[in-house]
Amino acid sequence: IDYIYIDEQNWVMYRLGVVKIEELHFGGTELKEELEDFDAYAKDKKCIIIIAVKNSEVIGFTLGKPLEYEDDVPGVNDDPAFRKGTGFYVSATEVLPNYGSKGVAYFLRTALALAAAKRGYKTLSSNNREGFSTRNALRMGGKVFKKIPNYYNTGETYYYIIIDLQRFK
């Protein structure tokens with residue numbers, strides 16, 4: 001598996017693979033990001049996109065943004081780092097189902113934490129589905145900040161988790 005940091009130039013080669021995974025996970029919900037959104041994130045130097053590729057196929061990705069970009073997301077406005085310029089937010093970490101238990105998501109999220117720490121961010125925050133996603137964030141040293149039932153009317157419980165990036169420097 002190759003892990004690739006996306007920039008505006010290489011994004012063109014991988015964009016449809018990322019959107020395919022996004023559609024698979026969140027198609028038909030408010031949580032789904034559109035291709036145009038991803039195109040904008042790839043151009044925005046403050047955002048970080050890292051993808052996992054195996055045999056030329058995108059098998060996973062993670063997307064992170066400055067915390068302030070997500071002021072309409074549940075939990076963000078209450079985050080202690082909000083409006084301080086010290087928080088980074090994981091908008092998505094998704095992998096194809098057959099790679100879900102192979103450590104790909106954990107590696108992607110860890111790479112994002114390292115990249116955010118390198119840029120000087122102090123915390124990495126995320127809303128995590130109850131279950132695997134939450135366990136991964138806690139395994140990285142995260143602490144549950146807030147429980148959010150019925151996240152975006154999905155009927156699912158999510159946990160707002162904050163990771164201190166000091167350990168990733």
Side-chain angles (χ1 to χ4, degrees), residues 2-54 56-79 81-82 87-100 104-113 115-116 119 121 123-134 136-137 140 142 146 148-163:
D2 294 313
Y3 294 90
I4 302 166
Y5 287 79
I6 293 298
D7 59 31
E8 192 174 353
Q9 285 70 44
N10 65 6
W11 172 242
V12 173
M13 297 181 335
Y14 301 109
R15 66 199 282 263
L16 295 180
V18 168
V19 172
K20 173 183 154 192
I21 294 171
E22 178 75 2
E23 178 67 35
L24 179 68
H25 285 276
F26 295 111
T29 73
E30 288 181 58
L31 301 174
K32 182 177 173 282
E33 298 272 6
E34 299 297 332
L35 179 60
E36 298 78 30
D37 299 321
F38 281 110
D39 287 344
Y41 304 141
K43 290 178 185 175
D44 188 331
K45 304 283 189 242
K46 292 181 180 179
C47 296
I48 300 171
I49 302 174
I50 306 168
I51 62 169
V53 177
K54 185 173 182 181
S56 302
E57 178 186 24
V58 177
I59 62 168
F61 74 94
T62 190
L63 165 64
K65 309 172 199 170
L67 191 59
E68 288 69 23
Y69 280 30
E70 300 288 11
D71 62 352
D72 60 339
V73 172
V76 168
N77 288 298
D78 300 323
D79 190 312
F82 186 63
F88 206 68
Y89 185 81
V90 182
S91 292
T93 302
E94 302 165 23
V95 298
L96 291 175
N98 48 333
Y99 293 94
V104 176
Y106 184 80
F107 191 90
L108 285 165
R109 180 84 58 110
T110 301
L112 184 63
R119 290 186 181 189
Y121 289 98
T123 60
L124 183 68
S125 301
S126 56
N127 276 303
N128 300 270
R129 271 186 181 149
E130 190 168 42
F132 182 76
S133 179
T134 294
N136 249 355
M140 291 177 64
K146 191 175 198 175
I148 305 169
N150 197 23
Y151 187 73
Y152 280 100
N153 300 313
T154 60
E156 296 183 76
T157 298
Y158 275 61
Y159 294 89
Y160 192 89
I161 296 176
I162 301 173
I163 299 170

(request) Using salt bridge (Lys or Arg N to Asp or Glu O under 4.0 Å) as the criterion, list what pairs up with Asp78, not counting sequence neighbours. (result) Lys146
(message) Ala52: which residues meet the side chain to side chain contact (heavy atoms under 4.5 Å, CB included) condition with it, sequence neighbours left out?
(response) Ile1, Tyr3, Ile59, Val104, Leu108
(request) List in chain and number order the residues that pass salt bridge (Lys or Arg N to Asp or Glu O under 4.0 Å) with Glu23, two or more places apart in sequence or in another chain; answer none if no residue qualifies. (result) Lys32
(request) Kindly state each residue pair satisfying salt bridge (Lys or Arg N to Asp or Glu O under 4.0 Å) with at least one member in residues 57-69, sequence neighbours excluded. (result) Lys20-Glu57, Glu33-Lys65, Lys65-Glu70
(request) For Thr62 and Ala92, indicate whether the former's side chain and the latter's backbone hold a donor-acceptor pair under 3.5 Å. (result) yes
(message) Between Tyr160 and Val76, is there a side-chain heavy-atom distance shorter than 4.5 Å?
(response) yes
(request) Using the side-chain hydrogen bond (donor to acceptor under 3.5 Å, both in side chains) rule, collect all pairs that involve residues 42-51, keeping only residues at least two apart or in two chains. (result) Asp44-Tyr69
(request) With the side chain counted from C-beta on, respond yes when Ser91 and Val73 share a heavy-atom pair under 4.5 Å apart, and no when they do not. (result) no
(request) Looking only at non-hydrogen atoms, find the nearest pair between Ser125 and Ile162 and report the distance. (result) OG-CG1, 3.6 Å
(request) Can you see which heavy atom on Ala137 is nearest to which on Ile161, and at what distance? (result) CB-CD1, 3.8 Å
(message) Holding to side-chain hydrogen bond (donor to acceptor under 3.5 Å, both in side chains), I want the full list of residues that pass it with Ser133, two or more places apart in sequence or in another chain.
(response) Asn128
(request) Please tell me if the side chains of Pro66 and Phe88 come closer than 4.5 Å, counting only heavy atoms from C-beta onward. (result) yes
(message) Using every non-hydrogen atom in the two residues, find where Tyr151 and Thr154 come nearest and quote the distance to one decimal.
(response) O-OG1, 2.7 Å
(message) Taking salt bridge (Lys or Arg N to Asp or Glu O under 4.0 Å) as the definition, give me every residue that meets it alongside Glu156, ordered by chain and number, with sequence neighbours left out.
(response) Arg129
(request) Would you list the pairs meeting ring pair (Phe, Tyr, Trp, His ring centres under 6.0 Å) in which at least one residue belongs to residues 16-54, sequence neighbours left out? (result) Phe38-Phe61
(message) Please give me the minimum heavy-atom distance between Ala105 and Asn136, naming the atom from each residue.
(response) CB-ND2, 4.0 Å
(request) Would you please name every residue forming a side chain to side chain contact (heavy atoms under 4.5 Å, CB included) with Ala115, sequence neighbours left out? (result) Tyr5, Ile48
(request) Please name all residues satisfying side chain to side chain contact (heavy atoms under 4.5 Å, CB included) with Ala42, sequence neighbours left out, ordered by chain then number. (result) Ile6, Trp11, Ile49
(request) Applying side chain to side chain contact (heavy atoms under 4.5 Å, CB included), name anything that partners Ala113, two or more places apart in sequence or on another chain. (result) Leu124, Met140, Leu165, Phe168
(message) Going by salt bridge (Lys or Arg N to Asp or Glu O under 4.0 Å), name the residues that satisfy it together with Asp7, two or more places apart in sequence or in a different chain.
(response) none
